[in-house]
Structure formats: structure tokens, C-alpha cells
There are 2 protein chains.
Amino acid sequence: MNHASAGGDPGKSATDAGLAFRRHDHSHCCGGLIARADALAAERGLKLTPVRRRALEILLEEHRAVGAYEVLERLAGEGFGNKPPVAYRALDFLVENGMAHRIARLNAFMACMHPGDDHTPMVMICRACRSVAEAPAEPVAAAVEGSAAAAGFAVEGTVVEALGLCSACLARGEG
Amino acid sequence: MNHASAGGDPGKSATDAGLAFRRHDHSHCCGGLIARADALAAERGLKLTPVRRRALEILLEEHRAVGAYEVLERLAGEGFGNKPPVAYRALDFLVENGMAHRIARLNAFMACMHPGDDHTPMVMICRACRSVAEAPAEPVAAAVEGSAAAAGFAVEGTVVEALGLCSACLARGEG
DNA sequence: TGGTTCATGTTATAGTATCACATTTCTCTT
DNA sequence: AAGAGAAATGTGATACTATAACATGAACCA
């Protein structure tokens, strides 16, 4: 198997975990996810406007964290505005609607591989190749919830990021 | 700095979880932690120099995330340099040596309440009162490790932050 | 005592993010 | 179809966060 299906079945996150770290049919996985974003927008009455859509495509084209200013540069090169709010607004829209994630540790963004699934993402950041992938986070979310509950804290959102080495870089004998 | 608790007794973190959110003898908890930092530095041959010590005190005086520039302002007011590297170097030292934590989501810093324990912190950030507290993160670290292992990812460090409402703000009927 | 290392200080600059306001586009209602 | 209101986009200005590069000074120890 070298590509991802766009479906949202629960078994999928386990299958796709670390997808970015493996070889796969990239144009197919991008196309599928754009289609899924379109469907999602239609479903929910959201407007996936040209800037927003293009911003998502830019994130999808890389399987890595991309800075807002890098997205901005590419948008500007295609005729959109070239001021920071252009990129930040598009990215914020994508994040708020579950089509992308913000990676706090890197002050950067990545496309979500399971848009629509209401998941708390856990992201893995490879320090050698800089690629970023999502992993299933339900067990992590449960643990966070448990620890927080013990302190009487009501969790509304989480940031869970693992830093280390991806399988490919480990295999190549990095660090 | 890695997870895998090094030897702080497990009962302690549970007891202290959410301390910042409760009433407590603040000057006592600060003094104790400065003493602990001194001991730690002596033990490990680290130099808790005046800037570093003062930076730690500043973090301890607030039970909240403090930005580097706010620390800098206070340091400068006390005769230390007033350029960003002064604050960043002191804060980096504290973070590297487990005396403070960086909060990625806020681009800010907080004093560690368990210096010396080699823990991966989980921090809880209250959106209403902006206070920040640590919670035991061993179960979370284990879950992160598990999800990462399934993707062949070798975890070297983690960022785990929960956003929401602390017990005090919940009791006061916030949002 | 001279050299090495580490800590501090400074200048300059890079990178990230938001505010405030003008203009356009969309949408709904009448 | 016209107009009011809301949403989206564009722009200028600015605030906030962080690091690079290099100079000076203090501590350590052979």
C-alpha cells in the first residue's frame, strides 16, 4: 500500500500514523484531502474560498510544518495579498475547522490528515528531516484528561507534540 | 531533557498538581524552590549566577507564564543588561537544567515546581486567569510513547499542554 | 601566569503575529 | 432588483518573540 484513502473510518488513524515518514502516492493523498475538505465545507456551510483552499493545498504539498510567512510568500506569488494577515487568516480558518493543525513548538502549520474526525491531534516532529506526522491521540487525550481532572482542571484543548527521530531517519542511522 | 521519571516520589506530583490554582503560602513555596535550585546547582556543578537566580525568582514570584521580555524588563530594572539575550540565556539555562519550563503555546516560561525530578511536564493553562500549573505527566508520557512507537518514531522529548479552566475559575463561574 | 573556558554584555537583525481600518463580495430580505 | 448587514479580503503600521555575531570580563586550572 502506498497511498492513503480519504475515508474517515476509525481504523484509519492507526494505519496512517507516520504516513509522512513513508513512501506513498503523494499527489493522490493530496487530491483526496482537498476533495474531503470541499465536502466538509459544503456539509458545514463553510466557505473554502480560493485563498483558504490554496493555503490548504500548499500545506498538503509538503508533508512538513510550514511557517505562515512561507505560505504567505507562495500565496502572494499567485496573486493574493502579500501582507501577514492574508496568510494568518487563511491558516486560522483551516485550524479552526480541523483542516490543519498549528504546531506550537515550531510556530508553524501542517495539513490535517483526518479532516472532519474530531480528534485531538498528536504530532511527531523529526529533528533530522523536519517532517511532521500525526499519530492517534485518543489514549494521550485520555491521560491528559485524567491528570487534569485530578487537579480539578477542565480541559478544552490540548497541545501534544513529540520531538525525536522518525523511522526513516532512524533507519538511515541519524543521530 | 527526557521523560521517564527519575526518582521523585510519585505521590508528590499528585499532591502538588494544580498548586498554582489553590491558596497556599506563596513566599514559603518560593523560598523552598530557590533553596532547592541552589542545592541542585551545587550537586551538579552548575552555576546559578545572579542573573539566572534572579530570573528564577521572577518566575517563582508569579504562578503564571511570563514572557521573556517581561523577565528582561525586570532584570534590566535591577541593573542587569537590557538586551534580549540576557533574558533568553538565563531562561534557557533554567529550562535546560529543569528549573523552569518553556510553554510552547504561549511562547513564555514558568518556574518548575519539581526541579531535579527528570519529568516531562504536563502544564495546564487557565484561559480565564492565565495561571499555569504542572500536572503529573507519567501516564501521558507513556501514551505518547505508545502512539509514537506504533509509527516507529523515537521520542526524545514532548510538549504536553492543556488549555481550559482551572478549578478556581470554574468555581467562580467563568465561561 | 598565561591560557582556556564560561558567563555576560552589546549591536543588529530575523522571524512570528496582531491591530485597525478601507474595500470588496456575498447574502439575505424586502 | 435594491439596499442593509455580514463576511472576506487587502493594506499599512506595529508589537512581540528570538537568535546571530562579536566584544569584554570573570573563573578555573595547568
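A, B, ... follow the sequence lines: proteins, then strands. Residue 1 opens every chain.
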Q. Taking the side chain from B:Ser147 and the backbone from A:Pro136, do they hold a donor-acceptor pair closer than 3.5 Å?
A. yes

Q. Quick one: bend of the helix from C:dT1-D:dA30 to C:dT30-D:dA1 from 5 pairs per end, to 10°?
A. 30°

Q.
Under the rule for side-chain contact (heavy atoms from CB on, under 4.5 Å), what residues qualify as partners of B:Ile58, not counting sequence neighbours?
A. B:Arg54, B:Val71, B:Arg74, B:Leu75

Q: Output, in order, the C-alpha distance, side-chain angles, deciding distance and verdict of side chain to side chain contact (heavy atoms under 4.5 Å, CB included) for A:Val160 and B:Val144.
A: CA-CA 8 Å; A:Val160 180; B:Val144 168; 3.9 Å; yes

Q.
According to salt bridge (Lys or Arg N to Asp or Glu O under 4.0 Å), does anything in residues 63-72 of chain A pair up with another residue at least two apart or in another chain? List the pairs.
A. A:Glu62-A:Arg64, A:Arg64-A:Glu70

Q | Contact interval (first through last nucleotide) of DNA chain C with protein chain A, 4.0 Å heavy-atom | A | C:dT16 to C:dC19

Q | Distance, rounded to the nearest Å, where B:Tyr88 contributes OH and D:dA21 contributes P | A | 18 Å

Q.
Rounded to the nearest 0.5 Å, what separates atom CD in A:Glu61 from atom NE2 in A:His63?
A. 11.0 Å

Q. To the nearest Å, how far apart are B:Glu70 CD and D:dT17 P?
A. 9 Å

Q: Give the B/S/- string for nucleotides 7-14 of chain D, one per nucleotide from 5' to 3', where a protein heavy atom under 4.0 Å of the base yields B, of only the sugar-phosphate yields S, and otherwise -.
A: SSBBBB--

Q: Give the cluster check for B:Phe109 versus B:Ile34: same hydrophobic cluster or not, with ILVMFWY residues linked at side-chain heavy-atom distances below 4.5 Å.
A: yes

Q. Under the side-chain contact (heavy atoms from CB on, under 4.5 Å) test, which residues partner B:Ala37, sequence neighbours left out?
A. B:Leu48, B:Leu56, B:Met99

Q.
Restricting to side-chain contact (heavy atoms from CB on, under 4.5 Å), what partner residues turn up for A:Ala108, sequence neighbours left out?
A. A:Ala65, A:Leu106

Q. Looking at residues 97-106 of chain A, who's got a heavy atom less than 4.0 Å off DNA chain C?
A. A:Arg102

Q) When rounded to the nearest 0.5 angstrom, what distance separates OH in A:Tyr69 from OH in A:Tyr88? A) 5.0 Å

Q) Can you list every side chain to side chain donor-acceptor pair (under 3.5 Å) pair that touches residues 157-167 of chain A, not counting sequence neighbours? A) none

Q.
Can you pull out every salt bridge (Lys or Arg N to Asp or Glu O under 4.0 Å) where at least one residue sits in residues 81-98 of chain A? Sequence neighbours excluded, please.
A. A:Asp92-A:Arg102

Q. With sequence neighbours left out, what residues match B:Asp38 under side-chain hydrogen bond (donor to acceptor under 3.5 Å, both in side chains)?
A. B:Arg53

Q: Under the side-chain contact (heavy atoms from CB on, under 4.5 Å) rule, collect the residues that match up with A:Ala128, sequence neighbours excluded.
A: A:Cys126, A:Leu165, A:Cys169, A:Glu174

